[in-house]
Amino acid sequence: MAGIGSAVVIGGGIGGPVAAMALRKVGIEATVYEAYDGPATGVGGALAIAPNGRQALAAIGADEQVAAAGRPMRSMVMQSWTGKRLAEFAAPPRLPEQLLIWRFELYRALYEEAARRGIRIEHGKRLVSLDGPVARFADGSTAAGDILVGADGIRSTVRRAIDPGAPSPRYAGLLGFGARCAGDGLEPTGPRMHMLFGKRAFFGYQIEPDEAGWFANLPHPTPMTTAQARAIGAEEWLRRIADAARDDRGPVLEMVRRTRPDELVITGALEDIPSVPVWHRDHVVLVGDAAHPTSPSSGQGVSLAVESAVQLARCLRDLPVERAFAEYERMRRERVERIIRMAARTNAGKAAGPIARVLRDVLMPIAMKAFGDPERFAWQFDHPIDFDAPVAPAAAVAGTAR
């Protein structure tokens, strides 16, 4: 870590505060710069923190704070639109429980923990350009550090700055929505997320005595920004979602009907980028969705971002900057791109047309028979990080082995 004393972190969502905490743990003072004028209070739908995400949070001492804001999600039950139960699967029981958490609650937990650790987060700082690790913002101000970390999401300005030819997000053919609603009178699911491959859309729901929540992935032929989708209006979207659920057996239609327009969360297009060619240049590096944007269907977006932030900090602790960035990318690329590919296949099933839907419903029960073994998913969920273990570049490890 010779010569690295400070870092500029662009993006104050989820990955930014985690990256700042991980860097602080290895002795690098990080300041987070966020484009929006204030904290993201009440923004965003529900998401999952997988066991591997919790393992990564635990590596920097932040798991308990996040767990306190979430609810257990111990398994996922797959169903067809006819109500047929296809499978139930979960991570191996030796791992931390998966969590269901609303994005703004996760944001608040991380924001408060970062502040408790003395990390400064500045708002109203929209990045317009980079000059090496020097950031220039729309308000005319600048920020400089020994390194700059881009944690600014799927439409990363930092990514474009270090690679003007970087690929654009790919639309999955689905729009995302979600809400909380009253659960009284509905059959509880307990800590199980039910995934319903509906006749016209894909739904997820979890019902507990004190609260119920649902989400919908609605096929749509063309992408929409979140602003464009919101302009249509929540009342109209609720009507369309209810229409999509009208033939599906289960509680989804009733849950949608219980949702007030002001309770609907409109998250916009589901997108990913299969592979980001350039993760770092000079003293600038990407983490989270800036480096490896996977669609929400992976259930791994937050967890992968946390993993990457933690591994980046370890590499910077033990290696010179150029080697640290290269080793960080080597450690992460194959794993994250494999999960992105898995999520893309899931999206294809969710957006199936009439003919593909029939084939899906016939073949899925056969494919699901193998899902009962939790070890099939162990590679994805069982990914502990020994924070204190020294990092050596792959070439050095190979040389030692010889």
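Basis for what follows: all heavy atoms, side chains included, without hydrogens, waters or symmetry-related copies.
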Looking at [Y], is its backbone amide N or carbonyl O close enough to the side chain of [X] to form a donor-acceptor pair, meaning the two atoms are under 3.5 Å apart?
X: Asp318; Y: Val391; result: yes
X: Asp152; Y: Thr157; result: yes
X: Asp386; Y: Asp388; result: yes
X: Arg314; Y: Ala389; result: yes
X: Thr294; Y: Gly301; result: no

Validation row: [X], [Y] side chains within 4.5 angstrom (heavy atoms):
X: Ile28; Y: Ser6; result: no
X: Gln311; Y: Arg332; result: yes
X: Glu307; Y: Arg335; result: yes
X: Arg85; Y: Val77; result: yes
X: Thr31; Y: Val9; result: no
X: Val276; Y: Arg159; result: yes
X: Arg94; Y: Asp382; result: yes
X: Arg71; Y: Trp102; result: no

Which pair of non-hydrogen atoms, one from [X] and one from [Y], has the smallest distance, and what is that distance?
X: Val134; Y: Ala144; answer: CG2-CB, 3.9 Å
X: Gly45; Y: Thr267; answer: N-CG2, 4.2 Å
X: Ile207; Y: Gly183; answer: CG2-O, 4.3 Å
X: Phe381; Y: Gln55; answer: O-OE1, 3.5 Å
X: Cys181; Y: Thr259; answer: CB-OG1, 4.0 Å
X: Pro251; Y: Leu186; answer: CB-CD2, 4.4 Å

Full working for salt bridge (charged side-chain N to carboxylate O under 4.0 Å, His left out) between Glu29 and Arg24: CA-CA 5 Å; Glu29 294 296 315; Arg24 169 67 67 89; 2.9 Å; yes
Gln79 vs His194, side-chain hydrogen bond (donor to acceptor under 3.5 Å, both in side chains): CA-CA, chis, key distance, verdict: CA-CA 7 Å; Gln79 301 169 234; His194 285 241; 2.6 Å; yes
Are [X] and [Y] linked by a side-chain donor-acceptor pair shorter than 3.5 Å?
X: Arg136; Y: Ser129; value: no
X: Gln300; Y: Asn52; value: yes
X: Ser295; Y: Asn347; value: yes
X: Glu88; Y: Ser75; value: yes
X: His292; Y: Glu337; value: no
X: Arg333; Y: Ser275; value: yes
X: Arg160; Y: Ser168; value: yes
X: Gln65; Y: Glu112; value: no

Examine [X] together with [Y] and report whether their ring centres are nearer than 6.0 Å.
X: Phe203; Y: Phe215; result: no
X: Trp237; Y: Phe177; result: yes
X: Tyr328; Y: Trp279; result: yes

CA sep, side-chain torsions, deciding dist, call: Leu175, Asn217, side-chain contact (heavy atoms from CB on, under 4.5 Å): CA-CA 5 Å; Leu175 301 179; Asn217 295 157; over 6 Å; no
Using a strict threshold of under 4.0 Å (side-chain N to carboxylate O), is an ion pair present between [Y] and [X]?
X: Asp243; Y: Arg240; answer: no
X: Asp272; Y: Arg170; answer: yes
X: Arg120; Y: Glu122; answer: yes
X: Glu263; Y: Arg180; answer: no

Stepwise side-chain contact (heavy atoms from CB on, under 4.5 Å) check, Glu97 with Arg54: CA-CA 8 Å; Glu97 287 184 329; Arg54 294 193 60 187; 4.0 Å; yes
Starting at [atom1] of [X], measure out to [atom2] of [Y] and round the result to the nearest 0.5 Å.
X: Gln380; Y: Ile339; atom1: CD; atom2: CD1; answer: 4.5 Å
X: Gln206; Y: Met193; atom1: CD; atom2: CE; answer: 5.0 Å
X: Ile340; Y: Ser298; atom1: CD1; atom2: OG; answer: 8.0 Å
X: Met73; Y: Gln98; atom1: CE; atom2: CD; answer: 3.5 Å
X: Leu253; Y: Ile241; atom1: CG; atom2: CD1; answer: 11.5 Å
X: Leu99; Y: Asp63; atom1: CG; atom2: CG; answer: 7.0 Å

Stepwise side-chain contact (heavy atoms from CB on, under 4.5 Å) check, Leu270 with Ser297: CA-CA 8 Å; Leu270 273 66; Ser297 296; 3.7 Å; yes
Side chain to side chain contact (heavy atoms under 4.5 Å, CB included), paired with Arg258, selected from Glu254, Arg260, Met255: Glu254
Result of checking Leu312, Leu286, Asp163, Val285 against His280 for side chain to side chain contact (heavy atoms under 4.5 Å, CB included): Val285
Test salt bridge (charged side-chain N to carboxylate O under 4.0 Å, His left out) applied to Lys125 and Glu34, step by step: CA-CA 5 Å; Lys125 299 295 181 180; Glu34 166 57 40; over 6 Å; no
Heavy-atom neighbours of Glu236 CD exceed 12 at 6.0 Å: yes
cation_pi(Arg338, Trp379) dist<6.0 Å, angle<=45: yes
Arg317 NZ/CZ over Phe387 ring centroid, <6.0 Å and within 45° of normal: yes
Criterion side-chain contact (heavy atoms from CB on, under 4.5 Å) on Arg249 and Trp81, from CA distance to verdict: CA-CA 6 Å; Arg249 296 178 186 173; Trp81 69 273; 5.9 Å; no
Salt bridge (charged side-chain N to carboxylate O under 4.0 Å, His left out) between Glu271 and Arg155, intermediate numbers included: CA-CA 10 Å; Glu271 298 173 314; Arg155 285 178 169 74; 2.8 Å; yes
